[in-house]
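In this chain, numbering begins with 1 at the start of the sequence shown.
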Amino acid sequence: MALLVAHLDAAYNLARWLMGNETDAEDLVQEAYLRAFSHFAGFRGGDGRAWLLTIVRNSCFDRLKQRGSRRQDFDETLHSVGQQTSNVEALLILDERAELVTESLAELPTEYREVLVLRELEQLSYREIANIAGIPLGTVMSRLSRARQRLQLSLLAKAEQEGTGRANQPH
């Protein structure tokens with residue numbers, strides 16, 4: 001059971017990014033943990049984190065299918081940067097950048113956001129992601145590549161838009 005508790009943060013992080021809000025993420029992590037506890041006897045060892053994240057992922061996608069939705073509203077306040085700095089200007093720049101990344105990540109299709117979160121935030125290997133998502137290794141690589149490209153394009157577009165918006169504003 002300590003195996004499950006050790007990966008609570010990773011489970012919540014994945015659920016939050018897939019569901020798009022804190023409340024749904026908390027509910028789904030609870031459901032996933034109940035499923036994991038009830039099926040723990042069937043766990044045959046191996047990577048407990050991947051096993052648990054698979055349950056969390058499946059719970060999230062089940063809920064999204066029930067809603068008939070591929071994407072949910074994203075709560076930006078949950079993902080804002082909380083770094084401390086004495087330089088107010090630097091803090092504002094960090095907040096703006098974090099907001100741009102958060103918005104761009106939230107706009108990605110769920111299947112791209114999922115692999116990006118598992119790889120970049122949870123630092124799982126491609127093979128672990130393939131096992132969790134139930135997709136071939138090549139699909140993981142192609143989704144990651146597409147997700148990174150889309151994220152980059154979105155960030156560039158938002159940065160250009162923000163730059164244009166500032167240029168038009170009076171000083």
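For the atom pair Leu144 CG and Arg148 CZ, the distance stands at 4.5 Å (nearest 0.5 Å). Taken from CG in Leu108 to CZ in Arg146, the straight-line distance is 13.0 Å, to the nearest 0.5 Å. Atoms CE and CG, from Met19 and Leu14 in turn, are 11.0 Å apart once rounded to the nearest 0.5 Å. From Leu105, atom CG reaches atom CG of Leu121 across 7.0 Å, with rounding to the nearest 0.5 Å. To the nearest 0.5 Å, the span separating OH on Tyr33 from OG on Ser59 amounts to 11.5 Å. Put simply, CD1 on Ile55 and CG on Leu28 are 13.0 Å apart, with the number rounded to the nearest 0.5 Å.
Across all non-hydrogen atoms, the minimal contact from Arg35 to Asn58 is NH1-C, 4.5 Å. Leu18 and Leu64 make their closest contact through O-CD1, 4.0 Å (heavy atoms, listed as atom of the first residue, atom of the second, distance). The heavy-atom pair separating Ala25 from Tyr12 by the smallest distance is CB-CE1, 3.7 Å. Heavy-atom minimum distance, Ala50 versus Ile132: O-CG1, 3.4 Å. The nearest pair of heavy atoms linking Leu52 to Ala11 is CD2-CB, 4.3 Å. When all heavy atoms are compared, the tightest approach of Pro136 to Ala130 is C-CB, 4.2 Å.
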Would you sort out whether Asn131 and Thr54 count as a side-chain contact (heavy atoms from CB on, under 4.5 Å), showing the intermediate values? CA-CA 8 Å; Asn131 290 337; Thr54 301; 5.6 Å; no
Apply side-chain contact (heavy atoms from CB on, under 4.5 Å) to residues Ile129 and Leu137 and explain how you reach the verdict. CA-CA 8 Å; Ile129 295 168; Leu137 193 58; over 6 Å; no
Working for side-chain contact (heavy atoms from CB on, under 4.5 Å), residues Thr110 and Phe61: CA-CA 9 Å; Thr110 306; Phe61 279 107; 3.4 Å; yes
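The pair Arg57-Glu114 meets the salt-bridge criterion, with a side-chain N (NZ, NE, NH1 or NH2) lying under 4.0 Å from an Asp/Glu carboxylate O. The pair Glu22-Arg16 does not meet the salt-bridge criterion, since no charged nitrogen lies less than 4.0 angstrom from a carboxylate oxygen. Taking the charged nitrogens against the carboxylate oxygens, Lys158 and Glu107 do have a contact shorter than 4.0 Å, which makes a salt bridge. A salt bridge does not link Arg49 with Glu128: none of the charged nitrogens is closer than 4.0 Å to a carboxylate oxygen.
If you chain together hydrophobic residues whose side chains sit under 4.5 Å apart, Leu156 and Tyr112 never meet in one group.
A donor-acceptor contact shorter than 3.5 Å links the side chain of Arg119 to the backbone of Leu124. The backbone N or O of Met141 lies less than 3.5 Å from no partner atom in the side chain of Ser145, so there is not a single donor-acceptor pair.
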